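Single-structure report; data block below.
Bear in mind that the values here come from a model prediction, so they are computed numbers and not experimental data.
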Amino acid sequence: MSDAPLVVIAVFRPAEGAREQVLAALERAIPRVHEEAGCNLYAIQEAADGVIWMIEHWDSAALLDEHGAGAPVADLNAELEGLLVSPVEVIRLDPIPVGDARKGVVVG
């Protein structure tokens, strides 16, 4: 496990008619996560197909793991029960620095 900062993408696919409930659950969870140690970015975006993408940036994998085991995530998962067409997909990304040092890597 690395102590380097990392980017995470979480993918939420709302069930038919559940978009507003999914967004409401995320709106309740996000401020709590913003207070967690190591959280530099935890922001939702929506694609044209209705898929909601959570873009995250954490100081370390250890702090991300603490987040994943914490109450805000547990509460969010409970609220999302039955509202998604598939489980939340979580993708951890490793940086590949290319180009300008200020623009080629996401930093905290």
Members besides Val85 in its Ile/Leu/Val/Met/Phe/Trp/Tyr cluster (side-chain heavy atoms under 4.5 Å) = none
Distance (rounded to the nearest 0.5 Å) between [X] [atom1] and [Y] [atom2]:
| X | Y | atom1 | atom2 | value |
| --- | --- | --- | --- | --- |
| Met54 | Ile91 | CE | CD1 | 13.0 Å |
| Glu66 | Ser60 | CD | OG | 7.5 Å |
| Gln45 | Ile9 | CD | CD1 | 10.5 Å |
| Ile52 | Leu23 | CD1 | CG | 4.0 Å |
| His57 | Leu41 | NE2 | CG | 8.0 Å |
| Leu63 | Glu36 | CG | CD | 9.5 Å |

Flag side-chain contact, heavy atom, 4.5 Å: [X] against [Y]:
| X | Y | answer |
| --- | --- | --- |
| Glu56 | Leu64 | yes |
| Trp58 | Cys39 | yes |
| Leu76 | Arg32 | no |

Exam field: side chain His67 to backbone Val73, donor-acceptor pair closer than 3.5 Å | no
Taking every non-hydrogen atom, the tightest pair across [X] and [Y]:
| X | Y | value |
| --- | --- | --- |
| Ala61 | Leu6 | N-CD2, 3.3 Å |
| Ala29 | Pro72 | CB-O, 4.5 Å |
| Pro14 | Gly50 | CD-O, 3.5 Å |

Per the side-chain contact (heavy atoms from CB on, under 4.5 Å) rule, which among Val51, Leu26, Leu83 passes with Phe12?
-> Leu26
